[in-house]
There are 2 protein chains.
Amino acid sequence: MTRAPDRFDLESFLPYLLNQAAEATSRAFQAVYRDRYGMTRTQWRVLAHLGQFGAMTARDICARSHIEKTKVSRAVAALEGDGMLARAPSPEDGRAEILSLTARGRAAYAELGNLAQAHDRTLRGTVGPEASAKLDEMLRRLIDAP
Amino acid sequence: MTRAPDRFDLESFLPYLLNQAAEATSRAFQAVYRDRYGMTRTQWRVLAHLGQFGAMTARDICARSHIEKTKVSRAVAALEGDGMLARAPSPEDGRAEILSLTARGRAAYAELGNLAQAHDRTLRGTVGPEASAKLDEMLRRLIDAP
DNA sequence: TTGACTTGGTTGCAATCGCAACTAATTATT
DNA sequence: AATAATTAGTTGCGATTGCAACCAAGTCAA
């Protein structure tokens, strides 16, 4: 049985493993949104947030996704430039803007969402269906840790 | 009980979860090598590889770590500039260079390795000790997947 | 051998990132 | 009300990245 080594072991270092897994699983899908819509990863995520949860402010996206606000800001600008999303002034807060997808943005989300779901299924297939639920839970715990 | 949703769910999208977990777990440790040695993440990884596995060529590091060769090349240059590692011509291949840590590099590795190990232990503590072994296995499977 | 092809490693360049500084609007303090 | 402290979002800039092009050494094939 494998046990924790006495010396530091890079290849069992959790941040390292997670980075590699994240990189490996993201890269395949990256080609999809890059080739079809010229999007960056952050743009795809912002689109997905708005597509899934509906209109919200940039601040909300930051809070939900833990993406840096400058990244969100630039992704929003790019998506707006591509006609994927529109900004509306918030009636309650003069600083904030309500972001929502345009028809074009919704169409992109519909297509990419389906492809993403398919990708997710094959990934979960490689770890096994029961284990995959456990995996989610562990990842969430790490994300929400101190 | 939670089941797979019909519609695409960003927050259960594995690449997304993995990215967040990787980001969250890496960020805390990043402060360590950045503040103490002014290293980037890639530099730290290259150092760790050499520290753990001994002298090898840049090519070997790429193969082992799946880091892009240009990233490795630049990290090696930076580490060399900081006196952390030295290059020696390979006797077998005139193109390749054997990379090895200097005393200073080994000292840095010793310190950072210990701190990394401690960080890893607290991370694994948050997911539970038995689960953490399963986690490793799943991550490795995702990394090595097609 | 000579020339085509591969491979280890570096470099140029455009794009992206992270952080700090900034503007403008809101809230808190007195 | 006036001013200080926060907050939403943007921007400037240096550092990092990714990709393609490149150089030099090694391998292959005729």
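Just so you know, these numbers come straight off a predicted model, no measurement behind them. Throughout, a chain's letter reflects where its sequence line sits, starting with A, and its residues are numbered from 1.
Comparing C:dT16, D:dC19, D:dT10 against the side chain of A:E97 picks out D:dT10 as the nearest. In this structure, of D:dC19, D:dT10, C:dC19, it is D:dT10 that holds the atom nearest to the side chain of A:R87.
Evaluation of atom-type donor-acceptor distances gives no pair under 3.5 Å for the side chain of B:R41 against the base of C:dG18. Side-chain to base pairing of B:R34 with C:dG18: no donor and acceptor N or O lie closer than 3.5 Å to each other. Checked by distance alone, A:R27 brings no side-chain donor or acceptor within 3.5 Å of a matching partner on the base of D:dG18. For C:dT7, the base has a donor-acceptor partner in the side chain of B:R95 [N/O atoms by modelled type, under 3.5 angstrom].
By the 6.0 Å and 45° rule, B:R45 does not stack over the aromatic ring of A:Y16.
Contact check, B:S73 against C:dG9: no side-chain N or O comes under 4.0 Å of OP1 or OP2. Close to C:dT16, at under 4.0 Å from its OP1 or OP2, lies no side-chain N or O of A:K71. In this structure, A:T70 does not reach the D:dT10 phosphate: none of its side-chain N or O atoms is under 4.0 Å from OP1 or OP2.
Rounded to an integer number of Å, the gap from CD of B:Q30 to P of D:dA15 is 16 Å. Taking atom NE2 on A:H66 and atom P on C:dG18, their separation rounds to 15 Å, with Å as the unit. In this entry the distance linking CD of A:E68 with P of D:dT16 reads 16 Å, nearest Å. Between the P atom of C:dT10 and the NZ atom of B:K69 lies a distance of 10 Å, rounded to the nearest Å. Atoms CH2 (A:W44) and P (C:dT16) sit 18 Å apart, rounded to a whole Å. Rounded to an integer number of Å, the gap from A:I67 CD1 to D:dT10 P is 14 Å. Separating the CD atom of B:E92 from the C1' atom of C:dT7 is a distance of 15 Å, rounded to the nearest angstrom. With rounding to whole Å, A:I61 atom CD1 is found 17 Å from D:dT7 atom C1'.
With the nearest nucleotide of DNA chain D identified for both A:R74 and A:A96, A:A96 has the one nearer the 5' end. Residue-to-nucleotide proximity on DNA chain D shows that, of A:R59 and B:T42, the 5′-proximal contact is made by A:R59.
Residue A:Y109 is not grouped with residue A:I98 when hydrophobic side chains (ILVMFWY) are merged at heavy-atom distances under 4.5 angstrom, including chains of intermediate members.
For the 3.5 Å distance criterion, the side chains of A:S12 and B:D136 fail to qualify, holding no donor opposite an acceptor. Neither side chain, B:S90 nor B:D93, offers a donor N or O lying under 3.5 Å from an acceptor on the other.
With ring centers used as reference points, B:W44 lies under 6.0 Å from B:F29.
Here B:S90 lies out of heavy-atom contact (under 4.0 Å) with every strand.
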